[in-house]
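Structure, as C-alpha cells:
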4 protein chains.
Amino acid sequence: MPRTEEQYKDIRGQKIALIKETALGLFAEKGFSSTPISAIAKKAGISKGLIYNYFTNKEDLIGKIMLEGIDEFMSVYDPKTEEAISEAKFKYFIDQTFEILKQNLDFWKLYFLVMMQPEVMKLVENKLMEYLLPFLDALSNYFESRGFENPMAHARLLGAILDGVSLNYIVDPVSFPIDDIKKLIIDKFL
Amino acid sequence: MPRTEEQYKDIRGQKIALIKETALGLFAEKGFSSTPISAIAKKAGISKGLIYNYFTNKEDLIGKIMLEGIDEFMSVYDPKTEEAISEAKFKYFIDQTFEILKQNLDFWKLYFLVMMQPEVMKLVENKLMEYLLPFLDALSNYFESRGFENPMAHARLLGAILDGVSLNYIVDPVSFPIDDIKKLIIDKFL
Amino acid sequence: MPRTEEQYKDIRGQKIALIKETALGLFAEKGFSSTPISAIAKKAGISKGLIYNYFTNKEDLIGKIMLEGIDEFMSVYDPKTEEAISEAKFKYFIDQTFEILKQNLDFWKLYFLVMMQPEVMKLVENKLMEYLLPFLDALSNYFESRGFENPMAHARLLGAILDGVSLNYIVDPVSFPIDDIKKLIIDKFL
Amino acid sequence: MPRTEEQYKDIRGQKIALIKETALGLFAEKGFSSTPISAIAKKAGISKGLIYNYFTNKEDLIGKIMLEGIDEFMSVYDPKTEEAISEAKFKYFIDQTFEILKQNLDFWKLYFLVMMQPEVMKLVENKLMEYLLPFLDALSNYFESRGFENPMAHARLLGAILDGVSLNYIVDPVSFPIDDIKKLIIDKFL
DNA sequence: CATGAATGAGCATTCATTCAT
DNA sequence: AATGAATGAATGCTCATTCAT
C-alpha cells in the first residue's frame, strides 16, 4: 500500500529535523569544515545521499540550520512592538536571553562560529539584520524612555554585552559566573 | 663560501615575518581551513616548500601567529602590577584596548576565529590564561578598591564587554559607534 | 530504490579483489614506495578515491595483500599435524613449495620485499609467526624421526634454503636451474 | 696558507667515507626511500649541499656504497684461482662468509634490500656478475673435483643457501642458530 | 524515499635537487 | 670545500557531490 502524500510529508519533516539536529551537534563540536557530510550521515543513521535529497549542499544545510535557529529564538521576543518597552518587559527580555543561551549552547556556539566566517555569514546576514534592526530600535526606544542619553549607543552596547557574555559563557560554561553577571547587567541598564 | 650565521638568521627572520603577516591577512579574511598553504605562498611570492622550512605544519603556523600576537598586545599592559590600579590607569587601559583593537583588526578577527575552534584554541589556551588570569585579578583589585561589590564578577563582566564590543566592531567596523561606546563603558565602570 | 545488501557485497568484493591484484603486480614490479596509489588506480581503471573506500591507507593495502597471500599458501600445508611427517609427505611438501613459488612469482617478490622493510614487516610479523612456528616444529619432528641430529637446526636450515632458492629464482627465473636444485634438496634431506 | 692538493684530497676522502658510512647505517635501518638526504646530512653533521658535491644524486650514493661493499668483501676471496679449491680452502671460504656476514650486518641488510629493488639493482648488477660468475665457477670446479654430480647445480645451490641463511640471520640475528647451521652446511658439502 | 559505490578536485606535506654566497 | 635557503614536482589522503539502482 503506497503511503499517502501526508505520510510522505511527515517522513520528510522528521528526516529533515533529524539531519539538522545531528549536523548542529557536530558543527558545534568540531567546526563546520571539520565535519564531513559522511559523519553527519553516520551519526544520524542514514545515507549520505539522503542528505542531498533535502539540502542542495553543505552550505545550504548550515544556512538552514542557522535560519531556523534565528527564527526560533527571535519568536520569543515580540519584535513588532513599536511603543517603548516597560521595565518589567526589559527585565523579562534579559532573563529570556540568558535562558535561551543556556538551553541552546550548541546553537550559540555555531552562531559565533558562523559570525566569524564570511562565507557562511553572507547566507544569514540578511535574515539576521531583519530581526536585529527592529530589535535595536526597540532597545533604543526603551533607553530613550528611561532618559538615557545617546540611546542608540546604549542599545548597541547592550547588544555587544550580550554577545560578549554569551561568548565567554560558551567558551567556559563551568567557571563563568553567568548569574552574577546577569544581575550586574540588569542593575546597570534598568 | 657559505654566508655567516648572522646573514642566515637575517634571511630567516625576514621570511618568517613575511609568512606570518601574509598568513594572518588571509586567515582573517577567509578563515583558517579555507586558506590553503598554497594561497599564502602565492601571495607572499614564495614557494609552498619554504613555509615548511620555518613551520612544521599549518597548525604550527597559526599557533605561532597567535602567540606572537598575544605577546605583543599584552606587553602594552603591565600585568605584574599587584597594587590596585588608579582611576587614570584604568582609563588609560580602556583607551589602549580600543586603540590596539583598531590598529590590529586582522589579528583580532583571527583571535575570535580561533577562540571558536577547539583544535587551534588548545595550542594557545595556556599562553592566553597566563596573561588573562593576572589581568582579571588586576581588574578585580581595581573594582574592589573602588568599592564595587562582587569585584571579580565585575572584572569578568568588563572582560566580556570588551570581547563583545570588539566582536561587533570587527564584524561591522563602519557603522558600529565604537567611540561613543567607549565613553559609555568608562562612565559605567569608573 | 537501493540495491540489496547482497548486491553491494558483490560489488565490494569484486572491486577489492581487483585492487589487490593490481596493487600486487605493481608493488612486485616497482616496489612499495615507488608505486603511487594513483598508478594502481589508473591501471585498475578506477579512481584513487575508491581505493580509500576499501583500504584505510597504503599500508593497510599492502598489509591485507600480504595476509591474504600468507593465508592462501599456508592452507596448502596442514599445519596442525602433530605426528611426524612421512617421507612421502615431506617430498610432497617440497614439491608443493616449488610449485607455489613458480605460480605466484609476484606474491613472492613482494614477500621478500616486505621482509626487508621493517615498517611493513611489523604489520605481518605476527600472522607469519603463527604459521611459521608450527611449520618449523613439524619439520623438526620429521628430522628427529629420521634420526638427524640437532633436528631444529636442520629445520631452520631447510627453511633458510627454501628462502634462498626462492630468492635466487625470483631474481633470475630464466637461468636459475630450479628443477635440478629441487632434486638436490630432496636428496640431501630425505 | 692554502691547503695543498694532497690535503684537499684527504678531506675529500674522509668526507666521502663519512657520508657513505652514515648513509649505509640509515638505509639499512629505515630503507632507501624512507631515508631523506637531509637525515644523512644531519646525522653526519654536514650540509645537504655537501653530499651533492661528492655524489650526483641519491641513486649514485647508494650505488657507490654497494659497489664499495662488494669490492671489499670480494677481495677476501681470491676469485682468480682457476684450479680447483682444496677442502681446506673450501672450509675457510665458508668460515669467512659467515664471519663477514656477522661483521657487516648493515651492509648485508642493504644488499638484500637492493636485490629486491629493480631500479637500484641495475646499478650494481654488472659489477655483481663480474664477481659472482667466476665465484660460481670456482665452486663448480670444487664440486667436480670432489666427485659431486651436476657440479654447477651444486654451486648455485650453495650460493642460494648462503643467501637464505644470511637473510634469516639478518631478519632475526638473536634466535637464528647460525653457528649450528654453519656446521651442517660444511658437513653436507665437504 | 533511500542507498552507498564512485568520482576527482583539492590540499597538506615531503624531499631531491639547485644555487647564490 | 661548504652552507642552507629556496624550489616545485610528487604523492597520500579527504570529502563534497553525483548517480545508477
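To find a chain, count down the sequence lines: A is the first, B the second, and so on, and within it residues start at 1.
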**Request:** Please figure out whether B:Gln7 or D:Glu59 has its closest DNA chain E nucleotide nearer the 5' end.
**Result:** D:Glu59
Listed nucleotide nearest any side-chain atom of [X], set [options]:
| X | options | result |
| --- | --- | --- |
| C:Leu50 | E:dG4, E:dA16, E:dA6 | E:dA6 |
| B:Pro2 | E:dA12, F:dA6, F:dA2 | F:dA2 |
| C:Lys48 | E:dT21, F:dC13, F:dA10 | F:dC13 |

Would you be so kind as to tabulate the donor-acceptor pairs closer than 3.5 Å made by side chains of residues 6-16 of chain B, with sequence neighbours excluded?
{"unit_1": "B:Gln7", "atom_1": "OE1", "unit_2": "B:Thr4", "atom_2": "N", "d": "2.8"}
{"unit_1": "B:Gln7", "atom_1": "OE1", "unit_2": "B:Thr4", "atom_2": "OG1", "d": "3.4"}
{"unit_1": "B:Arg12", "atom_1": "NH2", "unit_2": "B:Glu5", "atom_2": "OE2", "d": "3.3"}

**Message:** Under 4.0 Å, heavy atoms only, any strand: does C:Asn57 hit a base, just the sugar-phosphate, or nothing?
**Reply:** sugar-phosphate
Write down the distance between [atom1] ([X]) and [atom2] ([N]), rounded to a whole number of angstrom.
| X | N | atom1 | atom2 | value |
| --- | --- | --- | --- | --- |
| C:Glu6 | E:dG4 | CD | C1' | 16 Å |
| D:Ile16 | F:dA2 | CD1 | C1' | 14 Å |
| B:Tyr54 | E:dT13 | OH | C1' | 17 Å |

**Request:** Tell me the stems DNA chain E sits in, counting at least three consecutive Watson-Crick or G-U wobble pairs, each under 3.5 Å on both distances.
**Result:** E:2-21 with F:2-21
Within less than 4.0 Å of OP1 or OP2 of [N], is there a side-chain N or O belonging to [X]?
| X | N | answer |
| --- | --- | --- |
| C:Arg12 | E:dA5 | yes |
| C:Lys15 | E:dA6 | yes |
| C:Tyr52 | F:dC13 | yes |

**Request:** Taking only heavy atoms on the protein side, list every residue of residues 35-47 of chain B lying under 4.0 Å from any atom of DNA chain E, sorted numerically.
**Result:** B:Thr35, B:Pro36, B:Ile37
**Passing candidate, side chain to side chain contact (heavy atoms under 4.5 Å, CB included) with C:Val124, options C:Met66, C:Met115, C:Lys64** = C:Met66
